[in-house]
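What follows is one structure encoded as structure tokens, with my remarks underneath.
Not measured: the values here are computed from a predicted model. Values reported hereafter were calculated over all heavy atoms of this structure, with side chains retained and with hydrogens, waters and symmetry mates removed. Residue numbering restarts at 1 for every chain, and letters A, B, ... go by the order of the sequence lines.
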Amino acid sequence: MADFEAYCAAPEGDVAVHICGVYDITNDIVTGVDTFFLLFAGALVFFMQAGFAMLCAGSVRAKNVKNIMLKNLLDACGGAIGFYTVGYGFAYGGSDRIGSTFIGDSYFGLREFDSWIGFFFQFAFAATAATIVAGTVAERCKMAAYLCYSIFLTGFVYPVVVHSMWSSNGFLSAFNNESLFRDIGVIDFAGSGVVHMTGGVTALIAAIVLGPRKGRFYDEDGNPLETPVTFQPHSVALQILGTFILWVGWYGFNPGSALVIANAGSAQVAALCTVTTTMGAAAGCISAMFTDSILEGMASGETSYDLTMAMNGALGGLVAVTAGCSVITPWAAILIGAVGGWAYIAMSKTLIALKIDDAVDAVPVHFANGMWGVIATGLFAKPELMDLAGYNSANPGLFYSEGGFDGQLLLVQICSVCWVFGWVAFTMTPFFMVLNAAGMFRVDALEEEVGLDISHHRGAAYDLTGPKKEDVDELMEVRASKHGKVEVPKEVAQAAEDADA
Amino acid sequence: MADFEAYCAAPDGDVAVHICGVYDITNDIVTGVDTFFLLFAGALVFMMQAGFAMLCAGSVRAKNVKNIMLKNLLDACGGAIGFFTVGYGFAYGGSDRIGSTFIGDSYFGLRDFDSWIGFFFQFAFAATAATIVAGTVAERCKMAAYLCYSVFLTGFVYPVVVHSMWSSNGFLSAFNNESLFRDIGVIDFAGSGVVHMTGGVTALIAAIVLGPRKGRFYDEDGNPLETPVTFQPHSVALQILGTFILWVGWYGFNPGSALVIANAGSAQVASLCAVTTTMGAAAGCISAMFTDSILEGLSSGETSYDLTMAMNGALGGLVAVTAGCSVITPWAAILIGTVGGWAYIAMSKTLVALKIDDAVDAVPVHFANGMWGVLAVGLFAKPELMDLAGYNSANPGLFYSEGGFDGQLLLVQICSVCWVFGWVAFTMTPFFMLLNAAGMFRVDALEEEVGLDISHHRGSAYDLTGPKKEDVDELMEVRASKHGKVEVPKEVAQAAEDADA
Amino acid sequence: MADFEAYCAAPEGDVAVHICGVYDITNDIVTGVDTFFLLFAGALVFFMQAGFAMLCAGSVRAKNVKNIMLKNLLDACGGAIGFYTVGYGFAYGGSDRIGSTFIGDSYFGLREFDSWIGFFFQFAFAATAATIVAGTVAERCKMAAYLCYSIFLTGFVYPVVVHSMWSSNGFLSAFNNESLFRDIGVIDFAGSGVVHMTGGVTALIAAIVLGPRKGRFYDEDGNPLETPVTFQPHSVALQILGTFILWVGWYGFNPGSALVIANAGSAQVAALCTVTTTMGAAAGCISAMFTDSILEGMASGETSYDLTMAMNGALGGLVAVTAGCSVITPWAAILIGAVGGWAYIAMSKTLIALKIDDAVDAVPVHFANGMWGVIATGLFAKPELMDLAGYNSANPGLFYSEGGFDGQLLLVQICSVCWVFGWVAFTMTPFFMVLNAAGMFRVDALEEEVGLDISHHRGAAYDLTGPKKEDVDELMEVRASKHGKVEVPKEVAQAAEDADA
């Protein structure tokens, strides 16, 4: 391998100057391609905001649609400002120093910083973490509380998690030689733990503190219902649209986490991520839906196929392969996704049993599968792929370790799960409890009954009323006479009837 | 042109080492950029799943929305598993051998394989082929039958077509020196024939075997209706969203089929594809819609503009230019798209005349235009562009041939169309007839009447009921008194009225 | 820096041949990467068509949904044909000559032209400019008038603006050494003025000539109403979807305007654009929504959060940073976005006061903020960033100029605003007035009342009717008896009740 740094420090002679000239050009191209790659991936990840908005909006009742969508839009905006002013600094500030730190301390407001594209990509992730919670607390959370929480999360809680696992100073980071577990860093390639578990734990705590929606587990007098009432999603079309957008966005989320692509190794990592991401989603969808259908078939005798299960299963599978997408084989991705589907169902049923109300099942998808994803990496990480992805392969996943008993990586992964859970619980629980105690968290009962759109957002989200019947009739008459015939054209007559009905 | 292979096999001296070092870097970059390109294109093609889901969902009646969307989601998932386990192997396995083979025989489960990004891109295409059928059989096909068919198609039928036309061992392939027609291979750059015709023929056969929806061509007693009943699409908004998403996805589908982009030639091919794709879509849209408006104006005297015609015309134009997008000029693309619009209308009317019921007009769009697209290449392929795209330009399209009479390429294209039609009909007809004979194909008549959402998917897709009027009134009272005035704020009063209406 | 042109003109000796061979490869890669970049950006910009369609469709009443969406689809198609045949030629034709010209004069029908990807990218911009108007004139403009206007705009009016500001022969262009203001060219990096103001001014003129919708400002007898009637958007879900799609598309619009990315400088420019774009949108959203909430809180005592304000604020912020995204810091982007939010509100209220009816508030978003964006660049353009983006930094923005008093750039920017306003008003005003005088502009009053969907597009856009109650009941009975029990499964019973209600 040629050493260009020494050779090109002071190139001698015409030939060397030209060789180094070409070498400079290749460096230039590499910078360009890698920037472009993050721009592409960041745009796709940001597109997931649209996916979350559609998924959440479709899942709630028609009377709360505006509210949930406004939350989705505002946390992207608040997240941008919050992550710009302090969040990015806490996450990655001071990464040029050696040793572990708890939190970063420079780059606030991106001062003396020019890796714009790096910030953009990380911002898109931060916005994702914040948005996860929106769905869970839908239909009952006050707008002001939501804004407070989302700035607190993207500005402080999430950056600390990022710092610990992804910064080169993080105490769990695989890119820090002096991390807590020395040469074993946690492997959370694209953020099952960092992004999804952080969002999922926050959502869980919020759901517990906030309490269930009126009429979900208790009747009007507060007596527990025999069976919980399921609030039908108001538009399945929006849900599936959101799901597909999220899936597409994941092709930025996971492959994009290779961060660079202008060399054969990184390109292969990103390429593998596309395949494992696809397989995880497919397996999660199939496992969750058919498991649910079989369970239901055994219970009621009538088999039906539930779209919600299919969608959330796919999302669960996606979350689950996110941590290990670069270090697992496609077969392992299918396994992880399939188990992810079950993890989703199990957690979803558990929440209902515990009377914790999650309006869009974000906790089972992001918390349960985020956790499972990080742990699964400790089982399935394959040494050759770890090398390729730039991880130390001395401690592979349990199933690939010598004799199949070396669970060191698994232990580190479990510790990381505990750390994320502990940190988020430690910071968010008091936060939400204070909000609640101050009466700033939950909307008024009557407002909840009326729906937040009318109470807080100037009217309903939909107005599907058509034209007045007499106007339509008049038009039909005018047209009929114009053509000198009594008979009205077929389509127009149909339209008139429709308007009539 | 420098020959780097010999020069860099064992570089002599410092200068050569450095030159070869830079050369290695450029190779690295090329790999990275090409991988990135397929990642981008594959993600866009996968986004077409969202497009198909929205288009189909919008086109059916409100009582079958969940069903059709679940099918769209599941065939992406089933397609992923099926194409991973066997499909890709059948399509491209054994491409290192010489000579023609009927079907591939290695890479099953992607064993001994590491071109991940190639698989990802091909999977996205396979999923597209499968999804095309979903719309046609909507509102009456059983879920289990659909799953069987979609795994069969992506796992076996489609891969054989791919193998024959795109693999270097395919017996019609332009990349096989020993193909059936020796030095003339079929030109189907991005798959008008391979993808769309395969899907379209399958849809046609399925529609014939399955029969029309209840009440479409026959009344309740089975007597033919004088004029067929048109079932209104339940949401045009979803249809147009789907159309636009598909159009955007096509910028991955067509330019992405250049497969590489990190050299000036391929870049030019991809660029040309972007332009021809645009022109084809635009021309198809305009030709289909205005032709229909004029026809209708002539017959009824009242001119109207039909959105469905515009959308399907655009899609038809897109399908039609897909085969030749890299070897035709933009002018030719406009012509092909225009004729594509007419092909769509003609086939659509023919189907209705033959009492074949296609719920979303997928057969006219994908079958008629897929066929026309492949044939059109035999007319319009331009030698210079064929060279650029890597095809043998000795036998150009009819209009560019010597004297305008050398129809050899056209003949090959016609043969290919026949082969696709024959193969798909040969495999799918017995398949669907067996399913039908076993009573596994079509849902029960009563279930069809009720709609598949309630029958099989736990309730309807929409629930647009608003809050109770008394709750809204109470809130208005509370608010009015709170501000110490009887008058309610304007918007709130409006909202109350809306809820009332 | 090595000079490869001389060195590689006739390389001498083995070493030079190989060096030049590698150099050629790097050139090849650069071409490929830059092409890919414009393909990506162009596809994203085209995706904005879907965003506009959803935003506009969501904003109008249910009875005009088909109409507005058809307009969106057709102007993309008409724009493609118009821009291909003449538009691109007027905009960029003859750019190899020296000196200023008013309009281009070659490349019509892309003759003797092969920069396909450049055309594709520019076409996507032209389609955007045309689409902006669709929303403003919604619910009352004739289809034929719309088509005429959209071809006139993309084929002639818009190309002249492009030519003046972006072509190397443009008389205001920063890339023309002999421009009107010599060494100071206008800085409109991605088109706040060129694209958005052009569309916005056209929309404004159209709205004035066309007059308000029936019942908006005047009652049935033509007497002015005390307070204008607000027509509720029929679906807020579509609006927010459109907003997010537009925001994502802007990551192609702004960074893509760097045009190339395969070198470190351009990559940095594109990267900065992602950040400033994000910050502008976030600031605009927050400023518009909270300002409105505060104003309303002061007026009525009850605070509500308006989603429309948030969405249009974000879009306004995006439009405002478009002109300067490559030459301003993120802080400046936040300021510009925040002011953009106010500009939106101010203009929106002004229009209402003047009884000018804009159905989707496109004029405040695109005209007011397009203007503000161009002017803001004259205030905030930072010399270092201007250098990087390839602009002459001798005359920076007012706030960065020597002593803070050198407003030369600001003056040029203001002149450009006047030019765009003047040119568009000069061409479009007579155009619309002639259309209006000929009775071709506005639909018949009765048709407007009935809605354009039924009048002109064969029926309503939605049909959400469910199955018949008796069918559902029958199915329930059949199922209950099949399982040998009277009790119906829970979900099914629920579904039956829903269908009942």
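For the options B/Ala41, B/Gly451, B/Ala274, heavy-atom pairs under 4.5 Å to chain C are most numerous at B/Ala274. With chain B as partner, the option from C/Asp114, C/Asn27, C/Asp34 having the largest number of non-hydrogen pairs under 4.5 angstrom is C/Asp114. Most heavy-atom pairs under 4.5 Å with chain B, from the set C/Thr31, C/Val30, C/Thr35: that is C/Thr35.
Here the side chains of B/Arg61 and C/Pro467 are not in contact, with every heavy-atom distance at 4.5 Å or above. When side chains are defined from C-beta on, B/Val22 does not count as touching C/Tyr23, because their heavy atoms never get closer than 4.5 Å. By the 4.5 Å heavy-atom criterion applied to side chains, C/Ile245 and B/Phe244 are not counted as neighbours. With contacts defined as side-chain heavy-atom distances shorter than 4.5 Å, the pair B/Lys63/C/Val472 does not qualify. Between B/Phe36 and C/Val33 there is no side-chain heavy-atom pair separated by less than 4.5 Å. Using a 4.5 Å cut-off on side-chain heavy atoms (C-beta onward), B/Met289 and C/Leu73 make no contact. Put simply, the side chain of B/Glu447 reaches to within 4.5 Å of the side chain of C/Arg479, judged on heavy atoms.
At a 4.5 Å heavy-atom cutoff, the contact between C/Ile29 and chain B is made by backbone and side-chain atoms alike. Only the side chain of B/Met47 has a heavy atom closer than 4.5 Å to any heavy atom of chain C. At a 4.5 Å heavy-atom cutoff, the contact between C/Leu241 and chain B is made by side-chain atoms alone. Contacts between B/Leu238 and chain C at a heavy-atom distance below 4.5 Å are absent for every atom of the residue. Proximity to chain C involves both the backbone and the side chain of B/Met311, based on heavy atoms less than 4.5 angstrom apart. Only the side chain of C/Leu147 comes within contact range of chain B, judged by heavy atoms closer than 4.5 Å. Using a 4.5 Å cut-off between heavy atoms, B/Val15 touches chain C through its side chain atoms alone. The parts of B/Gln268 that come within reach of chain C are both its backbone and its side chain, each placing non-hydrogen atoms under 4.5 angstrom from that chain. Both the backbone and the side chain of C/Tyr462 have a heavy atom closer than 4.5 Å to some heavy atom of chain B. In this structure, chain B has heavy atoms under 4.5 Å from both the backbone and the side chain of C/Ala80. With a 4.5 Å cut-off on non-hydrogen atoms, B/Phe231 does not touch chain C at all. Residue contact with chain C, scored on non-hydrogen atoms closer than 4.5 Å, involves the backbone and the side chain of B/Trp331 alike.
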Trace of the side chain to side chain contact (heavy atoms under 4.5 Å, CB included) decision for B/Phe37 with C/Leu39: CA-CA 10 Å; B/Phe37 181 56; C/Leu39 171 58; 3.8 Å; yes
Test side chain to side chain contact (heavy atoms under 4.5 Å, CB included) applied to B/Ile240 and C/Met54, step by step: CA-CA 9 Å; B/Ile240 196 96; C/Met54 292 301 110; 3.4 Å; yes
Evaluate B/Ile334 against C/Tyr84 for side chain to side chain contact (heavy atoms under 4.5 Å, CB included), listing each step before the verdict. CA-CA 11 Å; B/Ile334 292 179; C/Tyr84 168 72; 3.7 Å; yes
Show your working on side chain to side chain contact (heavy atoms under 4.5 Å, CB included) between C/Met476 and B/Ile454 and close with a plain yes or no. CA-CA 10 Å; C/Met476 295 307 120; B/Ile454 289 178; 4.1 Å; yes
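Here the shortest heavy-atom pairing between C/Ala43 and B/Tyr251 reads CB-CB, 4.1 Å. The nearest pair of heavy atoms linking C/His457 to B/Tyr305 is ND1-O, 2.6 Å. Among all heavy-atom pairs drawn from B/Thr26 and C/Thr26, the shortest one is CG2-CG2, 3.9 Å. Nearest heavy-atom pair, C/Arg458 versus B/Asp306, reported as atom, atom and distance to 0.1 Å: NH1-OD2, 3.3 Å. Nearest heavy-atom pair, B/Ala282 versus C/Cys77, reported as atom, atom and distance to 0.1 Å: CB-O, 3.5 Å. When all heavy atoms of B/Pro330 and C/Trp116 are compared, the pair lying nearest together is CG-CZ3, 3.5 Å.
Although no hydrogens or angles enter the test, the distance criterion places no donor-acceptor pair under 3.5 Å between the side chain of B/His234 and the main chain of C/Leu464.
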